[in-house]
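Only one structure is covered here, and it is reproduced in the block below.
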Number of protein chains: 4
Amino acid sequence: MEFHAQKAIFLQIADLLTDGIMEEKWKVDERIPSVREFATSLEVNPNTVMRAYSYLQDQEIIANKRGIGFFVSPNANHKIIAIKREEFIKLEVPRISKMMKLLDLSFDELKKLISDIE
Amino acid sequence: MEFHAQKAIFLQIADLLTDGIMEEKWKVDERIPSVREFATSLEVNPNTVMRAYSYLQDQEIIANKRGIGFFVSPNANHKIIAIKREEFIKLEVPRISKMMKLLDLSFDELKKLISDIE
Amino acid sequence: MEFHAQKAIFLQIADLLTDGIMEEKWKVDERIPSVREFATSLEVNPNTVMRAYSYLQDQEIIANKRGIGFFVSPNANHKIIAIKREEFIKLEVPRISKMMKLLDLSFDELKKLISDIE
Amino acid sequence: MEFHAQKAIFLQIADLLTDGIMEEKWKVDERIPSVREFATSLEVNPNTVMRAYSYLQDQEIIANKRGIGFFVSPNANHKIIAIKREEFIKLEVPRISKMMKLLDLSFDELKKLISDIE
DNA sequence: GTGGTCTAGACCACC
DNA sequence: GTGGTCTAGACCACA
């Protein structure tokens, strides 16, 4: 798999997982791929996958059962949305507001820009 | 001055300059502060300021007159807007679209979020 | 049954057994559950239960009669207390002392903290 | 420097730092050793030191200034005490209570044990 | 110089 | 088999 350079690979892997969980590719209480397994399928070092898993474990989106593997936590979906929503409001919304002023964009124009991308 | 850790300092300084130019704090053909001057006032390494200046010079927003200093280029405002607009549409608009889907946000809700910040 | 992730499961199972022995759930010379039986009731790998049994066997708290099962050893209670006491004094007491200094806790405050949990 | 095997080295390094901060070896707003510097002095891999620093950064005990190094955060001392206190109450106090019951220790006996260690 | 990330490969305890 | 930690060494962007 290919990763883009703008963002750390371990974060892109974390996104892969959260996206998968949102799409119910992995459901609550289900086991996600083992570190090594996922690492070889992504053609990435196991440490890098491990880092993504630890990152999500800290956010209580996945949890580890000793010697067995990582599992999707109950309420993972809600946690993912809550975290992403908070990030969006804290980091992106102010930026959007600033850019609208700078570019002299009305909300309708912004709406059009967003609708235009498929 | 304090900078946030998420973004390179030289980019934050560049934003400081473009914002100042847009607000006509520095007008076209006017001289902006010298590298050394600006560096001490920002409590930052002169190299870092220099990097911001080079960055804006590449975008033809400012220009260097050897031995004298950096000056705001003609049409700097239009260039700033053009560049920021392109970046906004290419990088941010798709991200906004994605987040709206993920967070299940309507345009009205987005509008409210944006209006809510002052 | 649920285990916490901080401690090895086989040690948690060993604690389950010593607690049971202290509470006379299993008395001296009585047979404790078979490895397989216990494993299925705990929803755990039999190897893990076996490891807990071996661990207690090494401490002479339980003993194996080949082909029959594991039995609580004579004097198991005294041994359990002796071992736990030694561990407590060697490992935990110094730590408590250190934390009291760090957190600036008096004995009375410690006493209160301990009393507060039920 | 020697580390004991019971606890991850990166956590022992984190303890080294929090202890140092509490003892004002490094004061608020002061720079702590660079990752590489500390790694060589401890005879440990830089990654391991980095992990300890990241760990403390997550807890907002230290903070990074880009390209310069890590600095002790304001209020680091309070944060350290708050975190350690919470851990103590959540993990150790219940255990102490349990051991007192099991070993049939009175509080005065516990007090004596603690006082006995120099 | 600084931190941040990644790879390759190893060892360990645990299940 | 699983994760968890560590080493050695590399490359990068940034100050």
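Side chains are part of it too, since the values below use all heavy atoms of this structure and drop only hydrogens, waters and symmetry mates. Just so we're clear, the structure is a prediction, and the values are computed from it rather than from any experiment. Naming convention: chains lettered A, B, ... in sequence-line order (proteins, then strands); numbering from 1 in each chain.
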Is the number of heavy atoms from other residues, nucleotides or ligands under 6.0 Å of Lys98(C) NZ greater than 12?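 At most 12 heavy atoms, drawn from other residues, nucleotides or ligands, come within 6.0 Å of this atom.
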
Side chain [X], main chain [Y], donor-acceptor under 3.5 Å:
X	Y	result
Lys84(C)	Leu103(D)	no
Thr48(A)	Val44(A)	no
Gln12(C)	His4(C)	yes

Would you call the rings of Phe70(D) and Tyr53(D) parallel, tilted or perpendicular, taking 30° and 60° as the class edges?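 Plane angle over 60°, so perpendicular.
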
Out of Glu37(A), Glu2(A), Met1(A), which residue meets the side chain to side chain contact (heavy atoms under 4.5 Å, CB included) rule with Leu42(A)?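 The passing option is Met1(A).
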
If every non-hydrogen atom of [X] is compared with every non-hydrogen atom of [Y], which pair is closest and at what distance?
X	Y	value
Ala52(A)	Ala14(A)	CB-N, 4.0 Å
Ala8(C)	Arg66(A)	N-NH1, 3.5 Å
Ala39(C)	Asn45(C)	CB-C, 4.3 Å

Any Lys/Arg nitrogen of Asp19(D) or Lys25(D) sitting under 4.0 Å from an Asp/Glu carboxylate oxygen of the other?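 A salt bridge is absent here (no side-chain N lies under 4.0 Å from a carboxylate O).
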
Which residues in residues 36-58 of chain C have a heavy atom closer than 4.0 Å to any atom of DNA chain E?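 Contacting residues: Thr48(C), Arg51(C).
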
Taking DNA chain F as the partner, which of residues 64-77 of chain A come within under 4.0 angstrom of it by heavy atom?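 Correct list: Asn64(A), Gly67(A), Ile68(A), Gly69(A), Phe70(A).
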
Using a heavy-atom distance cut-off of less than 4.0 Å, which residues of residues 6-19 of chain C contact DNA chain F?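 Correct list: empty, so none.
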
Just name whichever nucleotide pairs with dC14(F), Watson-Crick or G-U, keeping both distances under 3.5 Å, else none.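 When the pairing criteria are applied, dG1(E) turns out to be the nucleotide that pairs with dC14(F).
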
